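Quick caveat: nothing in here was measured; it's all calculated off a predicted structure. Atoms within a ligand are numbered from 1 in the order they appear, just like the ligands themselves. Reckoned from all heavy atoms, side chains included, excluding hydrogens, waters and symmetry mates. The first residue in the sequence is number 1, and the count goes up from there.
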Amino acid sequence: MTEAPAQPRRLLVRDLAQLATPAPASGPMRGAHAGDVTILEGAYVLCEAGRVVEVGSMRKLGPLEGGDVEELDGSGRCAIPGLVDCHTHACFVGDRVEEFALRARGATYEELHAAGGGILSTVEATRAAGEEALVDAVTRHRDAMRRHGTTTFEAKSGYGLDRETELASLRAIRAARGVPTWLGAHAIPPEFDDGDAYLDFALAEVLPDAARLAAAADVFLERNAFDATQARRYLSACRETGLALRLHGDQFTEAGTIPLAIELGARSVDHLEATGDAGVDALAASDVTAVLLPASALFLGRPMPRARDLLDRGAIVALATDFNPGSAYCESLPLVASLAATQLRMGLEEILCALTVNPARVLGCADRKGRLAPGYDADLVLLGEPDWRYLAYHLAGDVVDAVLLGGEPLALG
Ligand code: NIG
Ligand code: FE
């Protein structure tokens, strides 16, 4: 007797008060389309084998043919796509609460960094931890992100800066199902005299293996970190191996990040708190995504990035947490949504696109993530609120009621 093939699992999320999703589009949501969101009142989502197969209004839902369908009651709740955090530094151990206390009394982030604290103090703790502790750390931070509705996260290495810890960090991020970025040029570790000598080592000894583990490479282009010449050298070598390119830039000073990103065809420039008019215009005319990190600007007391100018001039904008122990100890994209609405003056529809499709594009997975539409992964957030806009409206609220990843409800703990 032959066994009948197993039915793919089907799940109907029904009677949703609302469903909000970025509208269909072939490219990124920008310009006049930056806030194109489709809203259905009284909606359902049908998932099969981990994918969305149908989205629609309850009043149009006909009988479902062919086998068992599990049901999940969405009454009183709103569905949005699983959020995509395209910029985190979730692979570290230890904390920087002492530094935070000093900053609260007036010390600046840059002063602490120049004095050998800051990033390098996390490097010391992370090097001492071992790979198992790194896997535990990323997994724990990922679980916190999930509780806030993040279903896809990027995480960077950059707290090892030696061969062993950088590669262990990338493996740990993969083990936690994150999208790994090699931030091999984050800071100059103490055993090297200068950035050039460190890059000689990193490109010869780490890049060949990092390129097999990571999806992208990133650099911190800033005074007291790497300059534009060093960043060009590092990113060009990474691009040769097939890695996508990202840049931390214009956080404190404009040091040539935007022209370099455009020249090299980078996926994104992230931060942009110090960007002037020419930078805004150049980004707006390019396909490089501006990744804005308002939780980091808030945490460091820095000016907010010029989101309104970027959007109004047509740039592609994404939002992310920048979760890390020094400049943004915050895993919550709903909090970032609130900051985007109140500090960046972004429209709530623009915010939804900047937390879903646009960051998915930065991570190279926009064909599967960031929308509730047939063919996309069944990654859903159910907000326990009557209107999807509570995502930004409920400041530090406990808005996330349930999270589905590939059609499976997650235990949020
Ligand atoms: O994006 N600025 C560079 N890197 C991180 C901070 C890392 C840290 O302080 O540990 C950032 O803000
Ligand atoms: Fe960062």
Side-chain angles (χ1 to χ4, degrees), residues 85-100 102-103 107-127 137 141 145 153-161 165 169 173 178-189 195 216-227 231 234 245-255 257 261 266-275 289-305 318-331 333 336 359 362-363:
D85 196 341
C86 69
H87 184 139
T88 87
H89 302 253
C91 190
F92 64 91
V93 297
D95 62 42
R96 303 245 287 280
V97 66
E98 287 304 332
E99 173 185 320
F100 182 73
L102 291 172
R103 286 202 298 101
T108 71
Y109 180 81
E110 281 197 289
E111 280 162 13
L112 294 161
H113 182 72
I119 294 171
L120 291 176
S121 66
T122 302
V123 169
E124 203 178 321
T126 304
R127 283 180 175 180
H141 299 316
M145 292 183 218
F153 75 103
E154 179 258 20
K156 303 169 196 297
S157 67
Y159 292 121
L161 306 177
T165 318
S169 299
I173 294 161
V179 180
T181 296
W182 183 44
L183 180 50
H186 194 195
I188 302 159
D218 197 345
V219 56
F220 185 23
L221 203 177
E222 189 58 71
R223 65 181 172 208
N224 295 324
F226 295 88
D227 65 24
Y234 170 78
L245 306 182
R246 317 269 310 262
L247 295 90
H248 278 70
D250 294 5
Q251 185 178 8
F252 301 98
T253 54
E254 287 188 289
T257 311
R267 288 260 176 88
S268 72
V269 177
D270 306 37
H271 274 293
L272 304 170
E273 290 91 331
T275 304
T289 298
V291 177
L292 308 183
L293 311 166
S296 170
L298 179 80
F299 205 75
L300 295 186
R302 301 279 310 148
M304 287 286 160
L319 291 160
T321 58
D322 195 21
F323 172 66
N324 75 78
S327 71
Y329 198 54
C330 169
E331 303 95 337
L333 284 176
V336 168
V362 171
L363 298 184

Going by the atom numbers of ligand 1, which of them fall below 4.0 Å from some non-hydrogen atom of [X]?
{"X": "R96", "value": "8 (C), 9 (O), 10 (O)"}
{"X": "I119", "value": "7 (C), 8 (C), 9 (O), 10 (O)"}
{"X": "H271", "value": "1 (O), 11 (C), 12 (O)"}
{"X": "F220", "value": "2 (N), 3 (C)"}

Tell me: protein heavy atom nearest [atom], and distance?
{"atom": "atom 12 (O) of ligand 1", "answer": "S327 OG, 2.6 Å"}
{"atom": "atom 9 (O) of ligand 1", "answer": "Y109 OH, 2.4 Å"}
{"atom": "atom 11 (C) of ligand 1", "answer": "D322 OD2, 3.2 Å"}
{"atom": "atom 2 (N) of ligand 1", "answer": "Q251 OE1, 2.8 Å"}
{"atom": "atom 4 (N) of ligand 1", "answer": "H186 NE2, 2.9 Å"}

Could you state the interatomic distance from CG (N324) to OG1 (T88), rounded to the nearest 0.5 Å? 9.0 Å

Please round to the nearest 0.5 Å and tell me the distance separating atom CD of E254 and atom CZ of R223. 12.0 Å

Side chain to side chain donor-acceptor pair (under 3.5 Å) assessment of H87 paired with D322: CA-CA 5 Å; H87 184 139; D322 195 21; 2.8 Å; yes

Would you say ligand 1 has an N or O under 3.5 Å from any N or O of S296? no

T122 N/O under 3.5 Å from ligand 1 N/O: no

Ion pair E98/R96, N-O distance below 4.0 Å: no

With a cut-off of 2.8 Å, does any N, O or S atom of H248 fall short of it relative to the Fe ion (ligand 2)? yes

Does any N, O or S atom of D322, backbone or side chain, fall under 2.8 Å from the Fe ion (ligand 2)? yes

Quick check on E222 - does any of its heavy atoms sit under 4.0 Å from an atom of ligand 1? no

Nearest heavy atoms of T321 and A295, plus distance in Å: O-CB, 4.0 Å

For F153 and F323, I'd like to know if the aromatic rings sit close, meaning centre-to-centre distance below 6.0 Å. no

Can you check whether H248's main-chain N or O pairs, donor with acceptor, with D218's side chain at less than 3.5 Å? yes

Please classify the H113 to ligand 1 contact at 4.0 Å (heavy-atom distances, strictly less than): side chain, backbone, both or neither. neither

How does Y159 reach ligand 1, if at all, at less than 4.0 Å between non-hydrogen atoms: by side chain, backbone, both, or neither? side chain

Mind checking whether Y159 and H89 have parallel, tilted or perpendicular rings, split at 30° and 60°? tilted

Could you go through the side chain to side chain donor-acceptor pair (under 3.5 Å) check for R267 and T289 one step at a time? CA-CA 6 Å; R267 288 260 176 88; T289 298; over 6 Å; no

Can a side-chain donor-acceptor contact be found between R246 and S268 if the only test is distance below 3.5 angstrom? yes

